[in-house]
Amino acid sequence: MKKFFQYILICIIAGFVNYGLCWFVQGYLILPLYFDTIMVMAVLFSLGFWSAVGTLCIHFLITIIQDFMTWKDNTFMFLYIIPGIAIILVTWLFIRNKQKLRGNINSVFLYILFACSCAAAASCITGGIVNYLRITQLGIHDGWTGHNLVSSIQGTKIKLLVALVVGRIPITFLDRFLTTYAGFGLSLLYVKIAEKKGLPYEE
């Protein structure tokens with residue numbers, strides 16, 4: 001039971017830190033990045049799939065509450081949890097075999113590179129579909145980074161969908177590389193601390 005509550009507490013803390021980092025990069029530095037999964041990746045590497053999903057849910061819950069308190073209209077913004085879960089699932093399919101992360105530094109680097117590339121592709125597709133549904137079904141045009149790449153598209157719905165997916169590629173791939181490697185590094189630091197303090201982590 002104690003271990004269970006430790007997992008929950010870690011997910012809550014990671015969710016708040018994740019939200020803070022996202023706000024700092026997007027709101028303060030105003031960089032063209034999402035940067036909303038760095039702690040999610042750290043938790044995924046160190047605590048596993050469900051803990052990462054929990055951390056992502058905490059992040060989205062904070063976002064929804066913050067938008068509600070500031071009267072910001074982000075109708076159906078919760079749909080963007082779908083790309084987040086896709087990122088977690090695809091990355092986890094690669095990194096669940098911990099032996100793949102214990103080789104020499106070059107092989108580990110390349111393995112994570114391939115994993116986050118696949119996760120980026122999944123994020124582009126699912127995120128593009130969410131954007132497409134919000135635009136065509138709800139009339140909501142997001143101000144997400146990359147929107148200008150497709151704002152001039154006029155034509156069939158298929159063309160719009162392709163443009164929304166392709167428009168996410170540059171930023172999504174860069175964001176995935178940065179947050180996945182950073183998350184992996186943080187997970188290594190956490191595991192070292194967890195071993196000394198008796199905190200939970202995946203072997």
Side-chain angles (χ1 to χ4, degrees), residues 7-47 49-92 112 116 119-120 122-124 126-131 133-135 138 140-151 164 167-190 193:
Y7 270 97
I8 292 177
L9 181 60
I10 291 169
C11 288
I12 292 173
I13 293 172
F16 272 90
V17 174
N18 197 73
Y19 177 83
L21 289 171
C22 179
W23 174 86
F24 181 73
V25 170
Q26 292 186 13
Y28 185 76
L29 297 180
I30 317 180
L31 296 176
L33 294 168
Y34 304 116
F35 223 74
D36 54 358
T37 56
I38 182 170
M39 294 305 296
V40 174
M41 288 295 100
V43 171
L44 179 63
F45 279 109
S46 56
L47 293 174
F49 178 83
W50 290 111
S51 295
V53 171
T55 301
L56 181 69
C57 289
I58 294 296
H59 172 94
F60 267 87
L61 181 61
I62 297 169
T63 302
I64 291 170
I65 293 173
Q66 190 267 339
D67 289 346
F68 177 78
M69 292 178 64
T70 57
W71 301 96
K72 185 177 180 181
D73 183 14
N74 270 334
T75 309
F76 292 100
M77 182 61 73
F78 67 87
L79 289 174
Y80 285 111
I81 201 171
I82 297 173
I85 292 176
I87 288 169
I88 294 172
L89 178 59
V90 173
T91 307
W92 174 78
I112 293 177
C116 62
S123 177
C124 287
T126 53
I129 292 173
V130 170
N131 283 347
L133 292 175
R134 280 166 60 87
I135 291 172
L138 302 173
I140 300 173
H141 293 263
D142 294 304
W144 56 276
T145 304
H147 179 68
N148 292 334
L149 296 175
V150 297
S151 61
L164 288 168
R168 300 178 72 89
I169 290 176
I171 294 164
T172 300
F173 272 76
L174 176 60
D175 188 78
R176 289 268 39 84
F177 297 152
L178 292 175
T179 54
T180 304
Y181 284 114
F184 178 61
L186 288 172
S187 73
L188 296 178
L189 177 61
Y190 168 79
I193 295 173

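Along the sequence shown, residues carry numbers from 1. Only a predicted model underlies this, so the values are computations on that prediction, with no experimental measurement involved.
Listed by chain and residue number, F45 satisfy the ring pair (Phe, Tyr, Trp, His ring centres under 6.0 Å) test with F184 (two or more places apart in sequence, or in another chain). Remark: L61 engages I65 in a side-chain contact (heavy atoms from CB on, under 4.5 Å) (not counting sequence neighbours).
How far CG of L89 is from CD1 of I85: 9.0 Å, rounded to the nearest 0.5 Å. Atom CD1 of I8 sits about 9.5 Å away from atom OG of S51, to the nearest 0.5 Å. Of the inter-residue distances, the one linking I193 atom CD1 with L188 atom CG reads 11.5 Å to the nearest 0.5 angstrom. Taking CD1 of I169 as the reference point, atom CG of L174 lies at 13.5 Å (rounded to 0.5 Å). For the atom pair T37 OG1 and L21 CG, the distance stands at 10.5 Å (nearest 0.5 Å).
At a threshold of 4.5 Å between non-hydrogen side-chain atoms, the residues L164 and R168 do not count as touching. A heavy-atom distance below 4.5 Å is found between the side chains of C57 and V53.
What you find for P32 and I171 is that their closest heavy atoms are O-CG2, 3.3 Å. For the pair S187 and A42, the tightest heavy-atom approach, listed with the atom from each and the gap, is CB-O, 3.4 Å. In terms of heavy atoms, Y34 sits closest to Q26 at O-NE2, 2.6 Å. Closest approach of R176 and T179 over heavy atoms only: NH2-OG1, 3.0 Å.
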Could you list the donor-acceptor pairs under 3.5 angstrom formed by side chains in residues 10-18, with sequence neighbours left out?
residue, atom, partner, partner atom, Å
N18, OD1, I38, N, 3.3
N18, OD1, M39, N, 2.9
N18, ND2, D36, O, 2.6
N18, ND2, H59, ND1, 3.1

Practice problem: Give the C-alpha distance, both sets of side-chain angles, the deciding distance and a yes or no for side chain to side chain contact (heavy atoms under 4.5 Å, CB included) between T91 and L44. | Solution: CA-CA 9 Å; T91 307; L44 179 63; 3.8 Å; yes

Quiz prompt | Audit row: M41, L186, side chain to side chain contact (heavy atoms under 4.5 Å, CB included) steps and yes/no | solution = CA-CA 9 Å; M41 288 295 100; L186 288 172; over 6 Å; no

Self-check item: Derivation and outcome, side chain to side chain contact (heavy atoms under 4.5 Å, CB included), residues Q66 and Y19
Solution: CA-CA 11 Å; Q66 190 267 339; Y19 177 83; 3.3 Å; yes

Quiz item: Hey, mind stepping through Y80 and N131 against side chain to side chain contact (heavy atoms under 4.5 Å, CB included) and telling me if it holds?
Solution: CA-CA 9 Å; Y80 285 111; N131 283 347; 2.2 Å; yes

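In this pair, Y28 and F24 present their aromatic rings parallel. The plane angle is below 30°, not in the 30 to 60° band.
Across V43, V40, I87, a single residue satisfies side chain to side chain contact (heavy atoms under 4.5 Å, CB included) together with L56, and that is V40.
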